Amino acid sequence: MKRALLTVEHLTMRFGGLTAVDDVSFTAWDGEITAIIGPNGAGKTTVFNCLTGFYQPTVGRLLLERADGERFLLERLEAYRIGRDAKVARTFQNIRLFPRMTVLENLLVAQHTSLMRASWYSVAGLFGLANYRHAEDAAIEKARHYMELANLVEVADWQAGNLPYGAQRRLEIIRAMCSDPVLLCLDEPAAGLNPRESAELNDLLLLLRAEKGVGILLIEHDMSVVMRISDHIVVLDYGKKISDGTAEQVQNDPRVIAAYLGEEEVA
Amino acid sequence: MAYLLQQLINGLTLGSIYGLIAIGYTMVYGIIGMINFAHGEIYMIGAFVAVIAFTAFSNLPLVVAIMLVLLFSMVITAAYGWTVERVAYRPLRGSFRLAPLISAIGMSIFLQNYVQLLQGARNKPVPPMIQGGFTVMQEGTFTVQLSYLQIMIVVTTLVLMAGFTHFINTTSLGRQQRACEQDKTMAALLGVNVDRTVSLTFVLGAGLAAVAGVMVTLYYGVVDFYLGFLAGLKAFTAAVLGGIGSLPGAMLGGILIGLIEALWAGYFSSEWKDVAAFSILVLVLIFRPQGLLGRPEVEKV
Amino acid sequence: MSRSIASAMGPGGESLVKELGFTALIGLALTVPLISYETIDDVGGLQLQGRWAATAFIVAALVMGRLGIILLRTPGRETWVAAGGALAAVVGLLDLFRDTVAGVLGLERWPAISPSYTLAFLLGVGGAVLAIRAAVQISRRNSAISKAERDARMESLGEQVRKLVRVFAAVAVLFALTLPFMPFSNRYVMDVGTLIVTYVMLGWGLNIIVGYAGLLDLGYVAFYAVGAYSYALGAQYLGVSFWLALPFAGLLAASFGLILGFPVLRLRGDYFAIVTLGFGEIIRIILINWYDVTNGPDGISGIPRPDFFGLATMTRRGSDGLPAFHEYFGLEYSSEHRVIFLYYLIVAMAALVAVFTVRIRRLPIGRAWEALREDDIACASLGINRTTVKLAAFGISAAWGGFAGAFFATRQGFISPESFTFIESAIILAIVVMGGMGSLVGIAIAAALLIGLPEVFRDLAEYRMVAFGAGLVMIMIWRPRGLLSHREPSVLLADRSPPGRPVPAKAVAAGEVAQ
């Protein structure tokens, strides 16, 4: 039975006179990969920034329903609470790692909230109490597990900024996963990757969906990624939703073809 | 009433000077996004050059002397502005975020002590040159004075401001300056010499600060090497209050800071007037960081 | 004439003349009023006195230096530049030590070229810098190794430096602990030592907010002042003892930090810096003008010295029912006891900061600080509340400043607002920046240099702040990450690897970057 994880209703975002996102509604289902595609400037990243609290939407309701029944209205939450409480994690179009920290440290920062609690807000940690040591060991094991999935164990102690580009993309994804999200938002994860890295990325995303049951929302230009792994595709153009459905449905939608090929007459 | 009027006149004069300095902050911030912490020292150098020049030209007719001193101080101070950018800021483009500000603090400390080393720590006086004025109003024993010097300061500032705005808005150099402010990479692609434009910004800002320096030398008749620190901070406050990046904002902010300071000193106590200026800085940054005439900034994700 | 020189220089000669001419013009503008005329106070007003020799010398030196830099642009001329630079360096050096040189050579006097010692020094340094630059360029060109190899070599050099740093740190700690018992130790050495360690502590305290959280605090001295005044006032009005006041000084400073921090921490980096500066100045103006409480610019004197942990006083005679220190331990009285006691007190306080810093860096809060410095937007997306994390850094930093302030008050016995100017904040900041933000050892070295060197070169005190300002600029240009810029990871998977699954750390660290 499909369960709605994220319901976006009438999302509108205006910057001064410019309407970047115009009355967009869609649903992302739990345990599925939903892709948002569209030409440049279609408003995809703006949707993400509204979802993750970096922009305050002008109009709209962003409802997140977790499997445990908790519900969050994302438009009312600050960015960090969307990550911490609603458990929506994201990556960025221009990778945002902590470049001078190691791969492992990046993954531990992602587990800040749980480790903070375990260290009794640093008190237990300062005195080196056993409960904190155990929590840290567990956090490192979790990080190791994800590094194995993303093939990054070998470079665990490298500075993140020194990794090759593809590895940085994978690291950013597993860093988001380390915060135990229910919804993972990926902003063009395949941008700048070569075909081999792109294939590795596909495998990683499918693995995450299969093993962790996390819902994935994906912005992507690379159609080889989108068509192969998405369960469901939303197409935006000039801030408006023009199509919504499976890969096959979207591919055959004349409005989508028109938007991408620039045909004037719309069926 | 009369007292208030006198404070307003004094505040307007002071505010004109702050406004001239504030333009330097606002333009540099607009084009390379840094707080040129050494700009107060540039102004101080302008004042010192004025003192030396006034002493050197003391036997020339007054009008000629003032004109020459203005020109001389602007040229010399502009050279300092150019050098500061070339030596301390340009090599840091692309360095880490706080590097230019730290470098600017170093530059500020350097210039202050450099002038102290060369010219001594004592106050440097110049004889009063422009005396007299109008009596605007008489109320009991209190006379409201509007001195010729005050008129000159305000008028000079207004003329410079008008000329300067005209320059930025209509000339090709001004257009390049605005283009770089919007997007340096794109401007460079379109053939704007970005390095030269940034240099020009520093030169212009320093030139205006030099005028402020000359005016303050005439107004107070005394300068010292520490003059730039407080004035710089207040002018920066003015730039922030007006909306950083906005030229009319800098002028407006300068005049407001001048008025607030004069009124505060006139009605409360002059010891606490610096607290007033700093409190405004803190309050504006917290509650209205875009200032009065600036555009709000969106966190870039 | 200039035309003929230009053509003699070959292609590009004209632009060379242009560039040199421009340099000369700028040089003239920089020197003509401010250097060429000295203003002398006279009965009738100011008099001007010319300093034209210095002016001409500086302009000429600038043009020559510029020529050297231009020549370095085209390969093949480095040897000339190196030779010229070296010549200038030697001339400058000979000029600087002209008396000694004349003495050694048995001459009446050495015919100096530079108009003053300062200029001789600058000529020497400038020449040396130019020569070194040329030499580096030559060696780069001649060495066949690629950039990658050079990086690898630098990496291994860095590894050695790291090991050396550890050894150095151990030696430094040992030295600090035994300083009072060294044969050369005397009152003066102890005073300078105490001063340096105070700045080490301040540097380490500021490091938390600047080095880890990456927020430029330009008003750190405010917390130092709050700490100092809270003990001084507490002792004066309430008769509070140092040991009771110490925790309060820290807490009070921390509360000030939190109150200020809460509204301003969301500001962008450079605005935040200016606001902290404004806050520092506000505190100072309050201290100056709130005459009834703080005694204004006259300051507070007669601040009591700390007793020996409530067991004995550090004075000649005991008081308040406490015996004197030397009586308590059955020693001969010596005024040095108190000096040494204060020294160990600040060493212990600094050590506390160091231990705390090392530990907290490995905790989630410490990692969050560093992550915030690296990318605060990513932090927010990972559920980290930026405001509270920054606030924690700000409060803790402030608390250490407060502790150091209380110590300062009790050591000096006298405080006034003059001790808490912006320059003080700038010096502490320079210590952190120069040391390499985040590196405790680097900060300690920087404190020793920045506080110790001026003590050594006391005759040159007037040059101190000029050199300080110029140094700050130069560090930003040449080593923006400070002297010791290496960042030690807070945790290594290599250290944690369960048996049977070794992580080839060395192989990886030296290994090729894929792609």
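Just so it is clear: chains get the letters A, B, ... in the order the sequence lines come, proteins before strands, and each one is counted from 1. Source: prediction; values computed, not measured.
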Under 4.5 Å to a heavy atom of chain B? For C:Ala470 that would be both
If one checks every heavy atom of B:Pro125 against chain C at 4.5 Å, the contacting part turns out to be both
Looking only at heavy atoms, the pair that brings B:Ala79 and C:Ile26 closest together is CB-CD1, 4.4 Å
Applying a strict 4.5 Å limit to non-hydrogen atoms, the region of C:Phe468 in contact with chain B is side chain
Greatest number of non-hydrogen atom pairs under 4.5 angstrom with chain B, of C:Ile475, C:Thr39, C:Val275, falls to C:Thr39
- Query: If only atom types and distance count, is the side chain of B:Tyr80 paired as donor or acceptor with the main-chain N or O of C:Leu30 below 3.5 Å?
  - Reply: yes
Whatever's closer than 4.5 Å to a heavy atom in chain C on B:Ile45 counts as side chain
When the 4.5 angstrom heavy-atom criterion is applied to C:Leu218 and chain B, the contacting part is side chain
Cut-off 4.5 Å, heavy atoms of chain C, and the answer for B:Leu117 is side chain
Turns out that what part of B:Tyr89 lies under 4.5 Å from chain C's heavy atoms comes down to neither
Contact list (residues 71-78 of chain B to chain C, heavy-atom gap under 4.5 Å, by number) returns B:Phe72, B:Ile76
Note: vs chain B, highest number of non-hydrogen pairs under 4.5 angstrom among C:Leu34, C:Val264, C:Ile477 is C:Leu34
Taken to the nearest 0.5 Å, the spacing of C:Phe272 CZ from B:Leu101 CG works out to 12.0 Å
Exercise for the section: Using modelled atom types only, decide if a donor and an acceptor are shared between the side chain of C:Arg266 and the backbone of B:Ile286 within a distance under 3.5 Å. Expected result: no
The interface call for C:Leu46 against chain B, heavy-atom contacts under 4.5 Å, is both
Looking only at heavy atoms, the pair that brings C:Asp270 and B:Gly33 closest together is OD2-O, 3.8 Å
d(C:Met476 CE, B:Met107 CE) to nearest 0.5 Å is 14.5 Å
Under 4.5 Å to a heavy atom of chain C? For B:Phe96 that would be side chain
Closest non-hydrogen atoms of B:Val275 and C:Ile282, given as atom of the first, atom of the second and distance, are CG1-CG2, 4.4 Å
Nearest heavy-atom contact between C:Tyr271 and B:Tyr29 is CE1-OH, 3.9 Å
Tightest non-hydrogen contact, residues B:Ile35 and C:Ile274, listed as CD1-CG1, 3.4 Å
Under 4.5 Å to a heavy atom of chain B? For C:Ile288 that would be neither
When the 4.5 angstrom heavy-atom criterion is applied to B:Leu92 and chain C, the contacting part is side chain
Cut-off 4.5 Å, heavy atoms of chain C, and the answer for B:Phe236 is side chain
Cut-off 4.5 Å, heavy atoms of chain B, and the answer for C:Arg464 is neither
Whatever's closer than 4.5 Å to a heavy atom in chain C on B:Ala56 counts as both
So, the part of C:Leu277 with a heavy atom under 4.5 Å from chain B: the answer is side chain
Cut-off 4.5 Å, heavy atoms of chain C, and the answer for B:Leu233 is side chain
Query raised in the report: Does B:Gln119 use its side chain to pair, donor to acceptor, with the backbone of C:Glu38 at less than 3.5 Å?
Result: no
Okay, C:Val473 and chain B: the region with an atom under 4.5 Å from a heavy atom over there is both
Between C:Leu267 and B:Leu285, the two heavy atoms sitting closest are CD2-O, 3.1 Å
| query | Ring centres of C:Phe422 and B:Phe37 under 6.0 Å apart? | reply | yes
Note: vs chain C, highest number of non-hydrogen pairs under 4.5 angstrom among B:Tyr114, B:Phe287, B:Trp82 is B:Trp82
